[in-house]
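A short write-up of the structure that comes next.
Just so you know, these numbers use all the heavy atoms, side chains as well, and skip hydrogens, waters and symmetry mates. None of these values were measured; they are calculated from a predicted model.
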Amino acid sequence: MLINISTIIFAAAIALFLWSCYRRFRLLLLGRPESRFNNIGKRIEGVLYYAFGQRCTVSHGYRFGWNHLVLFWSFMLLLIANIEFLLEGLFPDSISFSLLPPGMYHPLAFLIEIASALALLAVSIAVIRRLAFPPWYIEARSMDAFIILGLIALLMLAFFGLHAGEIAQGTEEAASFMPVSNFVASAFFSKVPAGSLNGYIDAFWWLHAIVLLGFLNYLPYSKHMHILTGIPNVYLRSLTKVNTQPREEFKKGNEFGVGRIDQFTWKNLTDSYSCTECGRCTDNCPATNTGKVLDPRLIILNMKVNLLVNGPGIIRNEETVIPLIGSGKEGSVAEQALWDCTTCGACMEVCPVFIEHVVEIVQMRRNLVEMKAKVPEELIALFENIEQRSNPWGIAPGDRAKWAADLDVKLFEPGKTEYLFYVGCFGSFDARSKKVSQAISKILNDSGISWGLLGKEELCCGDSMRRLGNEFVFDSMTQENIRLFNEKGIKKIITQCPHCYNTFKNDYRQYGMELEVVHHTDLINDMIKSGKLKLDDAKDFGNLVFHDSCYLGRYNGIYEAPRNVIASITGQAPIEMERHKDRSFCCGAGGGRMWMEEATGKLINIERVEEAMKKDPKTICVCCPYCMTMFEDGIKGIKADDKVQVLDLAEIVSAALK
């Protein structure tokens with residue numbers, strides 16, 4: 001009778017679990033198509049390294065990540081044991097590890113025993129952490145989190161109780177391989193009459209069964225749904241750095257950007273299911289850290305809630321209940337949160353399951369810009385200036401090359417000139433950045449390479465338009481630039497701005513334009529190595545602190561070249577801020593934020609400048625015109641402009657040339 005009841009209960013619970021999974025996962029099919037199935041070998045390799053190796057979980061200084069690693073691997077081992085338990089429940093007396101030969105069963109029993117003990121220890125640490133040292137976000141102490149931890153703990157206690165009873169009864173063949181269960185048997189069952197042991201064993205068996213089946217059916221409705229989707233999301237990750245945006249097709253009748261949850265791709269929707277709510281993205285977001293509305297973790301969680309609420313109605317062709325972009329309450333993303341993003345990529349860098357926050361944020365910006373014409377007021381003039389005069393300030397294009405009027409600079413000649421020095425809007429028009437352009441031209445002349453300018457024919461690359469969501473204007477600017485590059489036969493480009501560098505290198509590739517793009521930091525480093533540049537050794541710039549640009553470092557992996565150049569000139573490595581390289585803190589100007597006001601919270605550039613000032617610098621070195629502006633403004637803001645200078649790497653090299 002017991003066997004029949006257990007079979008029915010197990011079958012019903014498993015069927016209910018599968019039904020719940022079907023209801024949740026069918027909603028992912030509402031998303032737009034996207035191909036993520038190429039290069040299977042590399043994807044499997046990534047799963048082994050990132051998911052099973054827990055690479056992101058234990059890196060970036062998150063010491064509690066080691067506890068998650070222990071819990072993860074214990075869970076993996078116990079998954080085998082619990083599948084056996086479920087199958088044994090469905091087919092009693094037919095499936096059991098105890099039916100294996102002793103040479104296989106005993107080591108397996110030992111592994112499961114150790115994994116159960118480690119899982120119980122990891123759960124205890126997680127509970128203590130949440131009670132005594134809770135993460136700052138409120139969900140860390142939610143009822144959901146404690147229910148899951150409680151269920152896992154109960155599962156382990158039931159396991160030890162069950163096997164301890166069997167050991168005391170003398171029916172567990174692998175007793176000598178189960179140290180914890182042996183201890184429990186001697187501590188709690190040694191004085192229990194033999195006739196009562198069956199009752200204890202049955203009670204713990206049913207406790208284990210009920211908790212396991214309850215856990216299984218609670219999973220699809222809890223925050224721990226990422227247990228089901230996290231590893232698949234790692235498999236489906238972008239195989240290259242997420243440093244560009246998907247291209248839009250401008251056809252009559254199309255809707256642009258994402259204003260409704262089913263306008264995301266199925267991969268974007270899978271991201272929302274995969275969030276572990278670990279808070280790493282939030283910890284590293286410059287907007288969140290300075291008191292803005294944006295919290296990248298909540299963007300993803302609101303996407304999930306919106307899908308769960310609206311998805312069933314969308315399947316039935318009904319109107320959505322919660323707007324995707326709206327009040328910012330649960331299930332809806334606040335407009336201000338979208339505009340707060342600097343697209344620095346810090347959130348994506350630390351995410352253990354490779355969620356693509358920036359891609360999703362920019363797609364929602366596109367909907368606001370292209371479908372609703374809802375943009376912050378200060379962007380209206382920017383959009384008009386770039387559309388009409390191809391620069392953010394609306395300055396006459398004829399003024400682009402005025403910075404080079406008194407220098408030995410030539411225009412690019414098709415078939416004769418090797419490199420185009422693409423100066424960019426800042427390098428052409430901004431008074432401070434013009435000095436950087438002049439320094440670069442001096443370096444290029446000293447190196448002896450063949451280079452030239454486009455002069456007044458140069459156009460804006462379109463970076464800010466794309467990151468602000470004005471994809472239509474970006475698209476037309478890109479096609480115009482590509483026409484110009486093809487007409488001039490331009491194949492190699494030198495940039496001084498990491499945003500131009502990233503746009504030409506990564507965005508233009510979507511249009512079939514393969515360019516050899518080099519940032520001046522990389523080029524200078526190579527020229528020093530090859531002996532093309534002769535330097536005055538051990539030039540003194542005082543305490544020199546280096547700042548990583550997000551679009552140079554995190555987006556394109558250029559970390560060492562500027563550091564090598566500084567070491568070549570000063571004779572020592574630059575001083576590092578606490579947050580540097582892949583953990584660098586944004587200056588606050590990326591993603592079009594250069595052209596917008598910061599009305600809420602602390603200014604991001606002040607936060608970054610204060611961090612730099614802790615190192616008592618005489619010189620702060622940057623490699624980006626945006627960073628230059630933000631640092632100089634920040635230093636003036638804290639009234640430290642008489643103590644420290646901000647120099648571009650090119651200015652440091654130019655000053656050190658023999």
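- Residues L324 and M364 form a side-chain contact, since some pair of their non-hydrogen atoms from C-beta on lies under 4.5 Å apart.
- The nearest pair of heavy atoms linking V353 to V234 is CA-CG2, 4.0 Å.
- The side-chain heavy atoms of L212 and L216, taken from C-beta on, include no pair separated by under 4.5 Å.
- The residues K292 and E598 are annotated as salt-bridged, a charged nitrogen and a carboxylate oxygen being separated by less than 4.0 angstrom.
- Under the 4.5 Å side-chain criterion, counting only non-hydrogen atoms from C-beta, C347 is not in contact with R297.
- Under the 4.5 Å side-chain criterion, counting only non-hydrogen atoms from C-beta, R563 is in contact with K581.
- The environment of Y200 atom OH is sparse: at most 12 non-hydrogen atoms of other residues, nucleotides or ligands sit within 6.0 angstrom.
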Inset, instruction - Evaluate the criterion salt bridge (charged side-chain N to carboxylate O under 4.0 Å, His left out) for residue pair E578 and K615; output intermediate values, then yes/no. - result: CA-CA 9 Å; E578 184 179 346; K615 302 296 180 182; over 6 Å; no

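- Ionic pairing of K602 and E610 is present here: one or more N-O contacts between side-chain nitrogen and carboxylate oxygen are shorter than 4.0 angstrom.
- The shortest side-chain heavy-atom distance between E360 and V258 does not fall under the 4.5 Å cut-off.
- Remark: E611 engages R608 in a salt bridge, criterion side-chain N to carboxylate O under 4.0 Å.
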Inset, instruction - Starting from the C-alpha separation in whole Å, work towards a yes-or-no answer on side chain to side chain contact (heavy atoms under 4.5 Å, CB included) for R130 and L149. - result: CA-CA 11 Å; R130 279 168 170 74; L149 291 172; 4.0 Å; yes

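- Of all heavy-atom pairs between L294 and C341, the closest is CD2-CA, 3.6 Å.
- Between W266 and F37, the distance from one ring center to the other falls under 6.0 angstrom.
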Using residues 14-28 as the side-chain source, report each donor-acceptor pair under 3.5 Å to any protein atom, sequence neighbours left out, with the distance given to one decimal.
| unit_1 | atom_1 | unit_2 | atom_2 | d |
| --- | --- | --- | --- | --- |
| S20 | OG | L16 | O | 3.0 |
| S20 | OG | Y221 | OH | 2.9 |
| R24 | NH1 | P220 | O | 3.3 |

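- Side chains of H580 and H547 form no contact here, defined as non-hydrogen atoms less than 4.5 Å apart.
- Ring geometry for F159 versus H163: interplanar angle of 30 to 60°, hence tilted.
- Taking the charged nitrogens against the carboxylate oxygens, E34 and R36 do have a contact shorter than 4.0 Å, which makes a salt bridge.
- Classification of the F354-Y50 ring pair by plane angle, with boundaries at 30° and 60°, yields perpendicular.
- Salt bridge annotation for D271-R237: absent, with no cationic side-chain nitrogen under 4.0 angstrom from a carboxylate oxygen.
- By the 6.0 Å contact criterion, CD1 on I40 is open, its count of non-hydrogen atoms from other residues, nucleotides or ligands being 12 or less.
- Salt bridge status for R579 with E607: present, with a side-chain N to carboxylate O gap under 4.0 Å.
- How far CG of L207 is from CG of D202: 12.5 Å, rounded to the nearest 0.5 Å.
- Taking both residues in full, the closest heavy atoms of A168 and A185 are given as N-CB, 4.3 Å, listed atom of the first, atom of the second, then distance.
- Partners of Y105 by ring pair (Phe, Tyr, Trp, His ring centres under 6.0 Å), not counting sequence neighbours: none found.
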Inset, instruction - Please step through ring-ring contact (aromatic ring centres under 6.0 Å, His included) for the pair F72 and W66, ending with a clear verdict. - result: CA-CA 10 Å; F72 173 85; W66 290 98; over 10 Å; no

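- In the model, N268 has a side-chain atom that pairs as donor or acceptor with a side-chain atom of T265 under 3.5 Å.
- From W339, atom CH2 reaches atom CD1 of I361 across 11.5 Å, with rounding to the nearest 0.5 Å.
- Counting non-hydrogen atoms of neighbouring residues, nucleotides and ligands closer than 6.0 angstrom, the OH atom of Y235 exceeds 12 such neighbours.
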Legend entry - Criterion side-chain hydrogen bond (donor to acceptor under 3.5 Å, both in side chains) on Y551 and T343, from CA distance to verdict: CA-CA 9 Å; Y551 275 71; T343 69; 2.6 Å; yes

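- Side chain to side chain, N233 and T270 fail the donor-acceptor criterion of an N or O pair below 3.5 Å.
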Legend entry - side chain to side chain contact (heavy atoms under 4.5 Å, CB included) between E166 and W205, intermediate numbers included: CA-CA 11 Å; E166 291 174 341; W205 189 92; over 6 Å; no

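- With 3.5 Å as the limit, one finds a donor-acceptor pair spanning the side chains of R43 and N38.
- Look at K241 and E349 and you find a salt bridge, because one of the NZ, NE, NH1 or NH2 atoms lies within 4.0 Å of a carboxylate O, short of that distance.
- For H208 and F204, the distance between ring centers is not under 6.0 angstrom.
- Between F160 and E113 there is a side-chain heavy-atom pair separated by less than 4.5 Å.
- In this structure, a donor-acceptor pair under 3.5 Å is absent between the side chains of E173 and S98.
- The shortest non-hydrogen separation linking F546 to M577 is O-CE, 3.7 Å.
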